[in-house]
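Working notes, structure below.
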Amino acid sequence: MDKTFDPKPIEARWCQDWEAGGCYQPSGSGTPYAIMIPPPNVTGTLHMGHAFQHTVMDALTRYHRMSGFDTLWQPGTDHAGIATQMVVERNLKLAGEPSRAELGREKFLDKVWEWKKYSAGTIGQQIRRMGSSVDWTREAFTMDPAYSKAVVEHFVRLHEDGLIYRGKRLVNWDPVLQTAISDLEVVQEEENGKLWHFRYPLADGATYTDSEGRTLNYIVVATTRPETMLGDTAVAVHPEDERYKHLVGKQVLLPLCNRLIPIVADDYVDREFGTGCVKITPAHDFNDYQLGQRHKLPVFNIFTRTAHVIGTVTDEEWTQAADKNAEAADGIGAIAREATALNWRAIPEKYRGLDRIVARKQIVADLEADTAYTNCHSGESRNPEPAGAVLDPGVRRDDEVAEGSANAAASSAKPAKPAYPRGLVDKIIDHKLKVPRGDRSGAVLEPYLTDQWFVDLTRETRHDGQPGNGGLLAITKPAIDAVESGRIRFVPDNWKTTYFHWLNNIQDWCISRQLWWGHRIPAWYDAEGKVYVGRDEAEVRAKHGLAAGVSLKQDEDVFDTWFSSDIWPMATLGWPDNTEALKKYYPSSVLVTGFDIIFFWVARMVMMGQYFMNDVPFKDVFITGLVRDPEGNKMSKSKGNVLDPLDVVDGITLDALVAKRTTGLMNPATAPKIEGKTRKDYPKGIEPVGVDALRFTFAALATNGRDVRFDAARAEGYRNFCNKIWNASRFVLMNVGALDPETGAELPGVSLDGEATLSTADRWIISKLQRLEAEAAQHFADYRFDLLAASLYQFIWNEYCDWYLELTKPVMQGSDEAAKRGARRTVVRVLEVSLRLLHPIMPFITEEIWQRVGPLAGKTGKTIMLEPYPVANPERIDEAAEADVEWLKGFMLGVRQIRGEMDIPPGKPVPVLIQNASEADAERIARFTDSVSFLARLESIRVLAASDEAPQSATALLGSMKILVPMAGLIDKAAELARLAKLKAKLENDLKMNEARLASDKFVNGAPAAVIDKERARVAQQKAELATLAEQEARISAL
RNA sequence: GGACAGUUAGCUCAGUGGUAGAGCAUCGCCUUCACACGGCGGGGGUCACAGGUUCAAGCCCUGUACUGUCCA
């Protein structure tokens, strides 16, 4: 064995042996214990979050496997529709290859499959390297043929049960990706914007008097999105708003468009917000859409699927384009035609085809320039808006159109800040607003009217009028009940609040996506647009009696990725077939995942599990925190703060890390900033720590669902721990004769048989081991890997290495053969048990050492992986031995403190005198003379009689016993007095507090007797100690 | 605006009623025959703030402040 632990060759060997040896597969006997891996996206490689969660899952898996369960950890990957499609498109662009559109659907999908193969392979290698004991024979992918069949099956069954519908609804539309997305994929970000106030003239020359007594012939609407006015179909006011009540039913003339639109009353309107008048654009705002439905307003779509104002095309051109689109797999071609062909002519020509932001500027400028109504009221007296009101429409991102040349002329003239009112613009004020963006593309989303597929989650009865429960009762409520009833337990518990809150406010789920990568929706349309749903075209034809001559076209859209991963726990086990695996491993035991996908995934698996299996998909949900960078920021590629777990395992130089983080950036301009931060966070790069140390770090940091700030120094600390274990094992092997101390060569054929006696130290460490075993079981049951790691670390380093191995040294070098045998046997067995206790977190080092130590402890198994996990035996707890060793530690600490503070070199033997020893003290001194002398490097130890005079000494206390180290004139009087004063001060302080407590009637009358007794004993003890100290202080002062 | 977390040593975090703990960092001594990726010792906290409950509060209750996350 080498002097220093070198993880790399060991990891490589065991990874291979375990997998090849079939150790990862279920044993086939025992109670089933199953974990379904949250399938990583095939978008690239695994990050620290995966490594963290996999560590937790593997620890659970190995623990249960060792504990005799029939353990399955099921691996796999997720096709991750949008995310993967984006990655592949970007790769094509970077490589200068033809784009998605140029390739066409089929060829593009070939490229994605190529990428998938590469990515899944990388992920598999990463999982293997981390030592994750997944059953590779069951590896799954969400687009495997069998899995795809299950996806179709669950869609068709839900459809047959009336829980899926297709309809034209306002959805969140991503104009960059050009697909619908679900509510969950929308991130609302607060951004700085403007609130524009526009004057909409009243029709037919109507006027009214405002609260300031002015006569007005217009009303002022406030909006954050001027460009949508092209699609306004009403203005709304609150029905009880005294200011406008009387105008309800009248009309306004929509500026620029010159359309008449009504003023309606609706209590959705917030009287306090803006002017209390809201323009209503049903086609491009969710609230307006609802309001429009209530008031039967026309829905006036003004945007294309790229969020440009619909263009200048003839009806004929539109028809052709739409047909072509429909043929070219453009699922919304027909809708666009319908909505747009009717409307485009109503949009003033100058705005047609403009990007929405460009259109916004143009519209504001034109309204400002519209002087037709500038004098449309009398008594204009308001002050212009103060400086700060500017025309800039606010912050933009690079995905939006930059300031165009249209405005170049204006900006070069450096215009003075305009004063308002100006034309039809009443005023413009700064305003913070929530901007909806796509979580993948970052693009500003557009509410957009399209035909999509939805899962009904909100109705009590079926939407199609058939008998039976709607989605609310059939899907949503059972998912709530699963957690409410305790059949699913969240750990930590508080996440169930989040879960309930979402389910209680749930919306129907839009499951269709206008993408290419994914499961094609199993719906077919005939020439009339009639839709048929079935498992395949043949089934549809058979079911509906459609002759071969009837042409059917399959829906071009694919499912939302989550509408395939929602059946992961059952489909990977063979559902819809009732396989043996499904019977055995469903429901799985625990789901380990992050809180960020409770809605996306956890809740939906519960829904589908309950619906199709009539049972929960997992019994526990262990929610882990997120792995963050040292400053607490979320790790992301664009921030350039991601770490590859294998770079921590193998180490990486600073330059290599910088290079890795700054290449292939979406926005190369951020590279210098990223480089700066990287150089600050990891000034020396990252030292290699090995898999075991990284895993242990994750375990130690996994504190009760809190986020984890990854700290490379911590990982290095646990690498040191590995080295400690390694060297302790070397020491053990050397001492039992299994390792040559000179050459490091392994010597076979060692036997520890024969008569043996166990020392106090032996019985103590065995006793402590039982306590550790009990703690380990508890921590696993509670998912407290941090406490588990701390217990193991503390036992191995601070008890076993620091004390127990030291205590055995004199025995090992002594001549008592039976005692020697007892120590050797204990040293080996405790180490062997410790290795098994540690194995679920640190699989490699424990296996490597166990191969040598196991046989010495009488183990004949091939691998530690399949050995039983240690269980506590309460009968071996030995409180007397524990008390003895505590006393011994106290004695040692006293001598060491004197050494440390008196600057006595550790190697120099010192004589020790004892005063005030009780009988028990004296007995222990006699018993432990050898140990103490060896460990504390004592020259001699002598117990003084009460009458004996002690020489000048430095003092330590153990209870009221005095441990004296004679200083023979060398004593630094001032230093020793200072030392004593320090001890005394602390003691006096404590004593004062405790006496005060005992003097209080409240305490004496109120506290339990046991507490009072304990307090009295403590005070007595402290008084005795204080007396001893005072005496010693007097003696030193007198020198 | 609502909900949920968090606030403890320089840093990262344990600690659910009985005198504050760990790792890392720091300071001092030591290349002692398993380990310098080591050993030994030291220093360092009025547990965010204000009330309350209790014989007793870092811990329970109420409120405030700040930070973070989620949902409107």
Side-chain angles (χ1 to χ4, degrees), chain A residues 1 3-5 183-184 187-188 434 492 494-498 500-502 504-505 595-596 598-599 625-626 628 630 632-634 687-690 693 697 700-735 739 741-742 744 784 786-787 789-791 793-794 797-798 801-802 805-806 809 813 892-893 895-909 934-937 979 982 986 989-991 993-994 997-998 1000-1008 1010-1012 1014-1015 1018 1022:
Chain A
M1 282 174 88
K3 199 171 159 184
T4 307
F5 171 58
D183 306 327
L184 279 179
V187 285
Q188 301 279 353
K434 293 280 183 155
N494 56 289
W495 288 110
K496 73 182 183 198
T497 315
T498 310
F500 288 140
H501 184 260
W502 184 68
N504 285 323
N505 295 282
F595 58 82
D596 48 335
I598 289 179
F599 307 146
L626 252 46
R628 297 174 177 275
N633 299 308
K634 213 165 166 174
E687 285 193 38
V689 302
T697 308
L701 293 175
T703 57
N704 223 351
R706 279 174 64 156
D707 286 354
V708 170
R709 286 195 195 192
F710 186 75
D711 180 6
R714 190 98 183 218
E716 278 176 38
Y718 293 127
R719 184 235 5 223
N720 297 352
F721 180 47
C722 289
N723 197 54
K724 187 76 181 177
I725 297 168
W726 184 255
N727 278 290
S729 305
R730 284 178 63 227
F731 173 80
V732 167
L733 292 170
M734 284 174 194
N735 268 287
L739 201 65
E742 303 295 322
R784 288 303 302 267
D786 57 329
L787 299 182
S791 294
Y793 184 97
Q794 210 268 336
W797 199 315
N798 303 117
C801 291
D802 287 352
L805 290 185
E806 293 302 321
K809 283 178 180 176
Q813 290 165 22
M892 293 291 304
L893 182 69
V895 179
R896 284 171 177 172
Q897 276 174 335
I898 292 172
R899 270 188 190 279
E901 287 170 46
M902 292 293 125
D903 282 348
I904 302 168
K908 191 187 167 194
F934 180 87
L935 290 180
R937 298 210 182 232
R979 216 170 63 81
K982 196 177 78 184
K986 181 168 165 29
N989 209 27
D990 288 353
L991 181 63
M993 192 171 71
N994 294 330
R997 183 171 301 152
L998 275 175
S1000 147
D1001 287 346
K1002 279 184 177 177
F1003 178 70
V1004 180
N1005 297 330
V1011 173
I1012 297 172
K1014 205 170 142 198
E1015 197 63 28
R1018 186 182 286 152
Q1022 285 174 336

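Just so we're clear, the structure is a prediction, and the values are computed from it rather than from any experiment.
Taking atom P in both B:rC71 and B:rG52, the straight-line distance is 39 Å, to the nearest Å. B:rU8 and B:rC13 have their P atoms separated by 10 Å, with the value rounded to a whole Å. For the P atoms, the distance linking B:rU31 with B:rC40 amounts to 16 Å, nearest Å. Nucleotides B:rG10 and B:rU53 have their P atoms positioned 33 Å apart, rounded to a whole Å. Rounded to the nearest Å, the gap between the P atom of B:rC11 and that of B:rG45 is 13 Å. If you take atom C1' in B:rU16 and the same atom in B:rA20, they sit 15 Å apart, rounded to whole Å. Here, B:rA72 and B:rA9 have their C1' atoms 40 Å apart, quoted to the whole Å. Between B:rU32 and B:rG38, the two P atoms lie 16 Å apart (nearest whole Å).
Counting to the nearest Å, the C1' atom of B:rU69 and the CG atom of A:Asn633 are 14 Å from each other. When the C1' atom of B:rG38 is taken as reference, atom CG of A:Asn723 falls 9 Å away, rounded to whole Å. Put simply, CZ on A:Phe710 is 13 Å from C1' on B:rC24, counting in whole angstrom units. If you measure from atom NE2 of A:His501 to atom C1' of B:rG2, you get 7 Å, rounded to the nearest angstrom. One can place CZ of A:Phe599 at 16 Å from P of B:rA3, the figure rounded to the nearest angstrom. Distance CD1 (A:Ile725) to C1' (B:rC37): 12 Å, rounded to an integer number of Å. Going from atom CD1 of A:Ile598 over to atom C1' of B:rA3 covers 13 Å, rounded to whole Å. A:Met734 places its CE atom 7 Å from the P atom of B:rA34, with the value rounded to the nearest Å.
Put simply, the side chain of A:Lys986 does not reach to within 4.5 Å of the side chain of A:Asn989, judged on heavy atoms. Looking at A:Phe731 and A:Leu805, their side chains come closer than 4.5 Å, going by heavy atoms from C-beta outward.
When all heavy atoms are compared, the tightest approach of A:Ala693 to A:Cys722 is N-SG, 4.1 Å. Of all non-hydrogen atoms in A:Asp707 and A:Arg628, the two that sit nearest each other are OD2-NE, 2.6 Å. The shortest non-hydrogen separation linking A:Phe710 to A:Pro630 is O-CG, 3.7 Å. The heavy-atom pair separating A:Ser729 from A:Met1 by the smallest distance is CB-CE, 4.5 Å. In plain terms, the two heavy atoms of A:His501 and A:Asn505 that are nearest each other are O-ND2, 2.7 Å.
The residue A:Thr4 sits close to a base: some heavy atom pair falls under 4.0 Å. Looking at heavy-atom distances under 4.0 Å, A:Arg730 makes contact with sugar-phosphate atoms alone, never a base. At a threshold of 4.0 angstrom between heavy atoms, the contacts of A:Lys809 include nucleobase atoms, whether or not backbone atoms are also involved. Across all strands shown, A:Cys722 has no heavy atoms under 4.0 Å from either base or sugar-phosphate atoms. The residue A:Lys3 sits close only to the backbone: its heavy atoms come under 4.0 Å of sugar-phosphate atoms, none of a base.
Taking CE of A:Met892 as the reference point, atom CG of A:Asp802 lies at 11.0 Å (rounded to 0.5 Å).
Interface remark: the A:Lys724 side chain does form a donor-acceptor pair with the B:rC35 base, using a distance-only criterion of under 3.5 Å.
Classification of the A:Trp726-A:Phe5 ring pair by plane angle, with boundaries at 30° and 60°, yields tilted. Ring pair A:Phe595/A:Trp495 is parallel by interplanar angle, where below 30° counts as parallel and above 60° as perpendicular.
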Give the intermediate values and the outcome of side-chain contact (heavy atoms from CB on, under 4.5 Å) for residues A:Arg997 and A:Asn994.
-> CA-CA 5 Å; A:Arg997 183 171 301 152; A:Asn994 294 330; 4.1 Å; yes
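With A:Arg899 contributing its side chain and A:Ala936 its backbone, the two residues share a donor-acceptor pair below 3.5 Å. A:Asn723 places no side-chain N or O within 3.5 Å of a backbone atom of A:Thr4 that could act as its donor or acceptor partner.
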At under 4.0 Å between heavy atoms, which parts of nucleotides 40-45 of chain B does protein reach? Answer with one letter per nucleotide, 5' to 3': B base, S sugar-phosphate only, - none.
-> SSSS--
Contact letters for nucleotides 9-22 of chain B, in which S counts primed atoms plus P, OP1 and OP2 and B counts the base, heavy atoms under 4.0 Å | ---BSSS--BB---
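Taking every side-chain heavy atom of A:Thr497 into account, B:rA3 is the closest of B:rA34, B:rA3, B:rU32.
OP1 and OP2 of B:rC71 both lie 4.0 Å or more from every side-chain N or O belonging to A:Asn505.
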So what's the dot-bracket for RNA chain B: Watson-Crick or G-U pairs under 3.5 Å, [ ] if a pair crosses, | if it pairs off-strand?
-> ((((((((.[[[[.)..(..]]]].(((((.......))))).....[[[[[..)....]]]]]))))))).
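In this structure, A:Gln188 and A:Ser1000 both approach RNA chain B, and ranking their closest nucleotides by distance from the 5' end singles out A:Ser1000. Between A:Gln813 and A:Lys1002, it is A:Gln813 whose nearest contact on RNA chain B lies nearer the 5' terminus.
Geometrically, A:Lys724 does not engage A:Tyr793 in a cation-pi contact defined by less than 6.0 Å to the ring centre and at most 45° from the axis.
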